Each structure stands twice: as structure tokens, then as C-alpha cells.
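Everything numeric here is computed off the predicted structure, so don't read it as measured data.
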Amino acid sequence: MTAEADTIGASRTRRLVLMAFGLCYLAFPVVEIVLGRLTGARAVWAGLALAAFAVSYLATALGPPAFDQPTRWTYPLLALTTVLGLVPPAVFGGVWLALPVFTVVLYGMILPPRAATAGIGAILAAEVAGGAAGGTDPAVIAVYALQVVTIGLLFTRVRRTGVLARRLRDAQGEVARLAAADERLRIARDLHDLLGHSLSVIVLKAELAGRLAEDVPEVRREIGDIESVARKALAEVREAVAGYRQRSLAEEIDGAVAVLRAAGAEARTRLPGPPLPPRADALLAWAVREGVTNVVRHAGAAHCTIDVTYEEGTATLDIVDDGHGGARRDSGSGLAGLAERVRDAGGVLEAGPGPEGGFRLRVQVPAGAEDAG
């Protein structure tokens with residue numbers, strides 16, 4: 001298992017323990033069935049409804065990897081749990097009014113704060129109406145109604161605190177990554193400025209000494225070896241500097257995902273199976289950096305998709321968000337410089353409103369594109 005899978009597994013395990021502990025309160029409806037307060041067909045239907053509610057409740061709570069990362073089944077399961085939590089209280093009344101309390105726990109943990117608050121209000125109204133329809137004592141209804149409000153709002157705050165804590169961890173990780181990148185750049189500058197300069201001087205001195213020793217073949221040969229070694233070392237230093245300064249497309253996308261999450265936007269990514277040629281990889285890496293910077297600074301987006309494809313010798317990058325579309329968002333020279341670099345590489349850059357709103361940046365470059373930089 002990957003580290004992420006371990007984290008997700010641990011999160012689900014903790015949730016299972018907490019949810020299982022909370023489900024002990026369903027013992028009251030079970031006792032009502034066991035003691036014969038519900039008999040015949042009503043007891044059978046009550047037992048089936050209770051079992052279905054417990055299964056749906058656990059499936060809804062344990063389905064997503066994190067409460068703020070719902071899957072495609074999360075909301076349908078939440079709707080099913082809501083129905084299963086509201087019908088029995090209306091039919092049986094009494095202790096069955098505890099089921100909507102479990103439902104608002106899910107609302108508080110899964111839905112955004114505004115939607116959760118609205119859902120809690122709706123459950124409160126349904127709780128009161130269901131209790132009245134089931135002939136429950138008004139004092140009992142009031143107790144359960146108070147639990148719906150207090151527990152629902154409590155778990156809404158718990159979710160918000162957890163989401164903010166995770167975003168803070170993501171932001172701290174991004175700060176550490178940027179600090180490491182700055183250190184790499186510093187090392188690259190030092191290599192270039194100090195060692196690169198010294199090797200360049202050695203090459204020049206060796207050329208000069210070779211001219212002065214034209215009459216002594218042995219000396220000239222040795223000096224030529226010195227010059228060759230120095231040139232090779234200089235080339236290796238330049239390659240090392242380029243490697244320090246340049247991040248790969250995969251690294252840029254990983255950093256972009258962390259930045260987007262820290263800004264409160266959900267990121268979806270797709271990379272091609274085969275690796276891109278180095279020059280196309282470097283160009284699209286810069287495009288990801290510029291594009292995501294614009295999303296974070298100007299979009300106010302909730303979702304952002306980064307899609308990279310590599311077909312028929314052409315590499316294509318699409319960055320699409322659902323933020324404020326319409327106008328070109330680049331307030332500085334970032335996109336302009338990127339467009340110039342893409343043109344120099346024989347590619348095409350398109351930036352503007354997306355097909356379904358928001359903003360879209362598309363970069364297409366030949367796979368063998370020269371790195372203009």
C-alpha cells in the first residue's frame with residue numbers, strides 16, 4: 001500500500017470505530033422490537049428498516065476517502081440514508097426519533113457548511129412533523145429536536161476544522177517543497193557562478209598554453225588533455241545546473257495539486273502513459289506552473305482539471321477550472337511569456353472561457369519541441 005492508501009485506511013478505520021460506537025444508540029429501537037412493543041408485521045418491517053438504515057449509514061460514512069472528498073455514490077447514499085432515517089420515526093414514533101439525529105451527523109461531516117445548515121433545518125422540521133404524526137409526547141420530540149440542532153452544528157464545525165487542518169498541512173508541505181526548490185536554485189547558481197567560471201578560465205588558459213607550446217609536441221599533447229577534461233567537466237556542470245533548475249512535468253503537477261488543495265479547490269489530473277520527451281516535458285511543466293498560478297490568484301474555482309495527452313507526436317495540456325470565466329486572467333506577463341515560448345517551440349496556446357464556463361488554458365506542442373529557454 002502507498003502512504004496515501006495507509007492514511008486513507010487509517011481514516012476509515014477511525015471512522016468505523018466512531019460510527020460503530022454511535023450506533024449503540026440504535027439499541028433503543030432494537031429493545032422496543034425485542035420486548036414486543038412492536039408485534040407482527042410491524043416488528044418485521046421495523047427490523048428491516050433499522051438494518052437497512054444502519055447499512056446505508058455506514059456505507060455513506062465510510063465510502064469517501066475523506067469527508068470533503070465525496071465519491072459519485074456519496075450523495076445518492078446520503079439521500080437514501082435520509083429517507084430511511086425519516087420514515088420509521090413517522091411510522092413508529094418514540095425512540096425511533098433518534099434516527100434523524102444520526103442523519104444530521106452525516107450532513108455535518110459530508111456537506112459544505114451552508115448546505116449542511118440547510119439540511120439540518122430540513123431534518124429538524126421533518127423530525128417534529130414525524131414525531132407529531134407518530135403520536136410522540138411533545139417533550140420527547142423537543143429533546144430529539146434539540147439533539148438534531150446541537151449535534152448537527154457540532155459535526156459541521158468538526159468537519160470544517162478537519163478540512164482546515166488538512167489544508168494547513170498541504171500548505172506546509174508546499175512551503176517545504178518551495179524552500180527545497182529555492183535551495184536547489186541557490187546551489188545551481190553557485191555551481192554556475194563559481195565552478196563554471198573557474199572551469200571556463202582553465203579552458204581558456206589551456207588553449208593559450210597550447211598555442212605557446214606548439215614547438216613541443218609532448219607538452220602540447222598534455223595541455224590538450226587538460227583542455228579536453230576541463231571542457232568535459234564544464235559541460236557536466238552545465239548539465240547539472242540545468243537539472244537543478246528544471247522540474248519535471250510530474251513534479252509540477254504534484255506541486256499544483258498541493259497548491260490547489262491548499263486554496264480550497266479540488267484537483268483532478270491525468271497524465272499520459274509514456275513519458276514525454278524532455279523538451280516537451282519541460283515546456284508543459286512551465287505551462288502547468290503559469291496556468292495553476294492564474295487559477296489560484298484569479299479564478300475562485302472549486303474544481304480544476306489538469307489533463308495531459310500525448311498522441312501522434314503532439315503533447316497537449318488542458319487546464320480547465322469552474323471559476324470566474326470570460327476574461328483573460330493573466331495580470332502580469334506570465335501567459336504572454338508562455339505564449340511566446342510555445343510559439344518558438346512550434347506549438348499553439350489557447351486561453352479563454354471554457355466550453356462550460358470557467359477558464360481554459362490549452363497548450364499543444366510537437367513532442368520534439370525545442371526548449372526555448
Side-chain angles (χ1 to χ4, degrees), residues 177-178 180-182 184-185 187-189 191-192 196 234-260 267-299 301 304-321 323 325-355 358-373:
R177 184 191 63 78
L178 291 174
D182 287 342
R184 291 173 64 183
L185 288 175
I187 293 172
R189 285 194 298 267
L191 282 173
H192 182 271
L234 182 59
E236 290 174 347
V237 167
R238 287 172 175 168
E239 288 178 3
V241 168
Y244 273 116
R245 287 178 174 173
Q246 179 176 300
R247 298 178 66 207
S248 69
L249 176 59
E251 289 176 324
E252 283 293 348
I253 289 180
D254 288 343
V257 170
V259 169
L260 288 167
R268 299 185 181 93
T269 63
R270 186 179 71 168
L271 285 171
L276 298 178
R279 289 167 178 165
D281 187 277
L283 185 53
L284 293 190
W286 189 24
V288 168
R289 188 186 316 156
E290 293 294 339
V292 170
T293 298
N294 276 331
V295 172
V296 172
R297 287 181 178 175
H298 309 297
C304 180
T305 300
I306 304 174
D307 192 355
V308 181
T309 57
Y310 180 28
E311 298 175 351
E312 298 180 355
T314 299
T316 303
L317 166 70
D318 280 302
I319 301 178
V320 182
D321 65 66
R328 191 180 184 94
R329 294 203 195 105
D330 187 24
S331 58
S333 59
L335 283 183
L338 177 61
E340 181 180 351
R341 188 170 181 177
V342 170
R343 282 196 304 270
D344 291 342
V348 177
L349 181 145
E350 300 174 8
F359 196 81
R360 175 185 183 184
L361 173 67
R362 164 170 280 197
V363 176
Q364 288 183 302
V365 294
E370 292 291 333
D371 186 8

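Residues Val292 and Ala256 approach most closely at CG2-CB, 3.6 Å, considering heavy atoms. Residues Val342 and Gln364 share a closest heavy-atom pair of CG1-O, 4.2 Å. Here the closest non-hydrogen pair linking Ala287 and Val363 is CB-CG2, 4.0 Å. Of all heavy-atom pairs between Ala301 and Gly323, the closest is CB-N, 3.7 Å. Heavy-atom minimum distance, Leu361 versus Gly291: CD2-CA, 3.7 Å.
Contact of the Leu283 side chain with the Leu249 side chain is not registered, since no non-hydrogen atoms from C-beta on lie closer than 4.5 Å. For the pair Val288 and Val308, the minimum side-chain heavy-atom distance is 4.5 Å or more. Counting heavy atoms from C-beta outward, Val295 and Phe359 have side chains that stay 4.5 Å or more apart.
Going from atom OG1 of Thr316 over to atom CD of Glu311 covers 7.5 Å, rounded to the nearest 0.5 Å. Here the CG-CZ distance, from Asp318 to Arg360, works out to 4.5 Å after rounding to the nearest 0.5 Å. Atoms CD and CG, on Glu340 and Leu349 in that order, are 12.0 Å from each other to the nearest 0.5 Å.
Partner Arg268 forms a side-chain contact (heavy atoms from CB on, under 4.5 Å) with one of Thr305, Ile306, Val257 and no other, that one being Thr305.
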